[in-house]
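Since we're looking at a predicted model, the values are computed, not measured. Values below: every heavy atom of this structure, side chains too, minus hydrogens, waters and symmetry copies.
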Amino acid sequence: MGQFHGLSRYDYLVKQCLDDKALMTKPPLAQHFGYLLGQGNEITGNLEPAHIVDAFDALVESMRVTENADGPADAGMTFFGQFVDHDVTLDATSSIGKKIDPRSIRNVRTPSLDLDCVYGDGPEASPHLYHPDHHGFLLFGREDSHLDLARNCKGTALIGDPRNDENILVSQIQGAFICLHNLLMTHVEEGGSAKDDVRECGVASIRQDVWGHVPPKLEDFEHVRRFVRLHYQWLVLHALLPSFVDQSCIDHALEDAHVFGHKAPIMPAEFSGAAYRFGHATVQAQYHLKDGDTARHLFEMLGFSARGADQDIELGLYFETGDGKAQKALPVGTKMAETLFELPDNIVGGTEMWGNLTISKERAKKLALRNILRDRTALKLSSGQQVARWLQQHAPHLGIKEHKAPKILKDHHIDKTPLWFYCLEEADKTGGKLSGVGGTIVASTLVRLLKLDPESVLNTEFAPWKGFGGSNATMGKVMAWVEKNRDDIAHRAHLRCG
């Protein structure tokens, strides 16, 4: 049922038949990246590569801070944003120096907000994620750490997207969605009013020919999956986007999600490689896992291995539930936690090449510099100024203003700002939220994914469940419901591994 979300079977067939050469000359299909402005932005001029890298490094160093004021978003929204990114994009050819045409890059994730990072392709196609006897229940937990992700004997998480185990914060958002599904499966299995609510939501505005292909034994699972998907999409639209994007950009996207044209790529490289990477600037250097404990350095919380109960988080410290305890993310802007200037050796272990130029290990460890170098050589994204001028010409009603390159770049004879930094500069001017170019790219991309999915929250008569607060539902209320009830999951001891 969810296998081709955002991609028709015809498009899927054509995509598989096209070779790379044909792809270069045709509009990119739904599961490939592409350029919003139709072409890349080559490095021009006579500046030496070493001079350009020096300029970008100076720009990056201007971002480094040891302390920064809290922004408007809850701290957990940074990692919910990472979770959403992993749901809609995966470029398996990531590189900072090798030239890549985004139109040739296959997006391994389905380009829609369908939670395939949680569900995989469902119990029939991804059976390793599900219990074989308790139909429709996702595996979760280990015998010696009940809130850890289920893992195989080598410690690898049994989840739809392995990146959701890369740090213990995003892994616990993944775990919360697994628990949410299993709790709702429990309600459906046990019956009662909640079962009726789930089933009613599950069939809302769904074409009968879709349900006609669902095997009877999977009906309960499909009702729950749709219930969770719709609430997840609602939270992206009403919680994640407003946390980080100026409301005017969201409103414009809802009015016209095709601001870049109907032939624009479904998943733009400008979104995945630049604008949506705003989240890097919202990461705190340290976080409290539980109320009253000592704050932990971000890179003390790396994942990809089994974690103990001492690393379980209180979800109320990451998403506001009304008690004021939630930590805050940094504001979106041109300041970044010093932590991200020293990526650990297991992430960056040595020098890297930018074209024919060697980037020192010290510089390669700077996340901000990696973003910019990948933009300029691997992806060759349009500059912020180029996108602003394009929007001024093609969408004048948005009132986009063009900003000149920062003094640091102009002092190095560079007059175009890398798109990622340009988006952060705009946010500095609008209270720590994306606006202008960055807000338009992020809002229009995510809203367009919802509009193109005929079963999405934007194409359904939908209202959040009363158990989550109805129309007043928030990420905090959903997470609080999960945290309060997860001990009531049926078969929970059987769902654990190890």
Are any non-hydrogen side-chain atoms of L458 and L237 less than 4.5 angstrom apart? yes
Tell me whether W420 contacts the main-chain N or O of R277 through its side chain, where contact means a donor paired with an acceptor under 3.5 Å. yes
Under 6.0 Å between ring centres, would you say that holds for H394 and F260? no
To the nearest 0.5 angstrom, please state how far the CD1 atom of I173 sits from the CG atom of L315. 8.0 Å
Taking the six-membered ring of Y287 as reference, does the cationic atom of R296 (NZ for Lys, CZ for Arg) lie under 6.0 Å from its centre and within 45° of its axis? no
Check against side chain to side chain contact (heavy atoms under 4.5 Å, CB included), F319 and V478: CA-CA 9 Å; F319 301 100; V478 174; over 6 Å; no
Judged by atom type as modelled, is there a donor-acceptor pair below 3.5 Å linking the side chain of R229 to the main-chain atoms of D114? yes
Sub-3.5 Å donor-acceptor pair from the side chain of K325 to the main-chain atoms of Y318, do we have one? no
How long is the gap from CG on L298 to CG on N167, to the nearest 0.5 Å? 6.5 Å
Contacts of H146 that satisfy ring-ring contact (aromatic ring centres under 6.0 Å, His included) - sequence neighbours left out: none
Could you give all pairs that pass the side chain to side chain donor-acceptor pair (under 3.5 Å) test and reach residues 462-475, with sequence neighbours left out? D197-W465
With H491, the side-chain contact (heavy atoms from CB on, under 4.5 Å) member among E189, R496, M185: E189
Look up atom CD in E166 and atom CG in D161, then write down how far apart they are to the nearest 0.5 Å. 9.0 Å
Side-chain donor-acceptor pair present, T460, R226, cut-off under 3.5 Å: yes
What closest approach, in Å, do P464 and A473 show between heavy atoms, and which atom pair accounts for it? CB-CB, 3.9 Å
Check: T282/T78 side-chain N/O donor and acceptor closer than 3.5 Å: yes
May I ask you to decide if D323's main-chain N or O and E320's side chain share a donor-acceptor pair within less than 3.5 Å? yes
Taking C-beta and beyond as the side chain, do Q247 and P242 meet within less than 4.5 Å on heavy atoms? yes
Can you tell me how far apart CG (L138) and CG (L129) are? Round to the nearest 0.5 Å. 6.5 Å
Does any N or O in the side chain of N152 come within less than 3.5 Å of the main-chain N or O of T156, such that one atom is a donor and the other an acceptor? yes
Would the distance check show the side chain of H288 and the main-chain N or O of K290 forming a donor-acceptor pair, the cut-off being under 3.5 Å? no
Evaluate L240 against M77 for side chain to side chain contact (heavy atoms under 4.5 Å, CB included), listing each step before the verdict. CA-CA 7 Å; L240 178 67; M77 283 297 177; 4.3 Å; yes
Is there a donor in the side chain of D246 and an acceptor in the side chain of T430, or the other way round, less than 3.5 Å apart? no
Is it true that a side-chain atom of D87 and a backbone atom of L115 form a donor plus acceptor pair closer than 3.5 Å? yes
Do you see a donor-acceptor pair shorter than 3.5 Å between the side chains of Q172 and D148? no
Is any side-chain heavy atom of Q327 closer than 4.5 Å to one of D74? no
Of all the heavy-atom pairs spanning P331 and G432, show the shortest one and how long it is. CB-CA, 3.9 Å
Check: I266 and R448 side chains under 4.5 Å, non-hydrogen atoms: yes
Name each donor-acceptor pair under 3.5 Å that joins a side chain in residues 302-310 to protein atoms two or more places apart or in another chain, with its distance.
residue	atom	partner	partner atom	Å
R307	NH1	D312	OD1	2.7
R307	NH2	L147	O	2.6

With sequence neighbours excluded, what pairs up with S444 under the side chain to side chain donor-acceptor pair (under 3.5 Å) test? none
If you define the side chain from C-beta out and look only at heavy atoms, does anything of Q233 sit under 4.5 Å from D453? yes
CD1 (I168) and CD (E300) are apart, to the nearest 0.5 Å, by 9.5 Å
Using modelled atom types only, decide if a donor and an acceptor are shared between the side chain of S171 and the backbone of D165 within a distance under 3.5 Å. no
If you measure from OG on S272 to CG on L379, what distance do you get to the nearest 0.5 Å? 7.0 Å
To check you understand the geometry: which heavy-atom pair defines the closest contact between L183 and N485, and what is its length? CD2-O, 3.0 Å
Apply side chain to side chain contact (heavy atoms under 4.5 Å, CB included) to I159 and C117, showing your working. CA-CA 7 Å; I159 54 178; C117 59; over 6 Å; no
Using modelled atom types only, decide if a donor and an acceptor are shared between the side chain of R492 and the backbone of D487 within a distance under 3.5 Å. yes
For residues S382 and L419, report the shortest heavy-atom separation together with the two atoms involved. O-CB, 3.4 Å
Does the side chain of N371 come under 3.5 Å of the side chain of H280 through a donor N or O and an acceptor N or O? yes
With sequence neighbours excluded, residues passing ring-ring contact (aromatic ring centres under 6.0 Å, His included) with H231: F227, F462, F468
Taking the six-membered ring for Trp, are Y232 and F177 closer than 6.0 Å centroid to centroid? yes
Pair F137 + Y130: ring centers closer than 6.0 Å: no
Assess the residue pair L180 and L184 against the criterion (side chain to side chain contact (heavy atoms under 4.5 Å, CB included)); give the C-alpha distance rounded to whole Å, side-chain angles, the decisive distance to 0.1 Å, and a yes or no. CA-CA 6 Å; L180 174 59; L184 292 166; 3.9 Å; yes
Quick check: do F83 and V118 have side-chain heavy atoms less than 4.5 Å from each other? yes
Could I get the full list of ring-ring contact (aromatic ring centres under 6.0 Å, His included) partners for F140, not counting sequence neighbours? none
With the side chain counted from C-beta on, respond yes when L218 and P123 share a heavy-atom pair under 4.5 Å apart, and no when they do not. yes
Run the salt-bridge test on K195 and D220 with the 4.0 Å N-O cut-off and return the result as yes or no. no
Is a salt bridge present between E483 and R486, judged by a nitrogen-to-oxygen distance below 4.0 Å? yes
Is the number of heavy atoms from other residues, nucleotides or ligands within 6.0 Å of NZ (K484) greater than 12? no
Main-chain N/O of Y119 paired with D116 side-chain donor or acceptor, under 3.5 Å: no
Find out whether T186 and D488 are in side-chain contact, i.e. whether some heavy atom of one side chain is under 4.5 Å from a heavy atom of the other. no
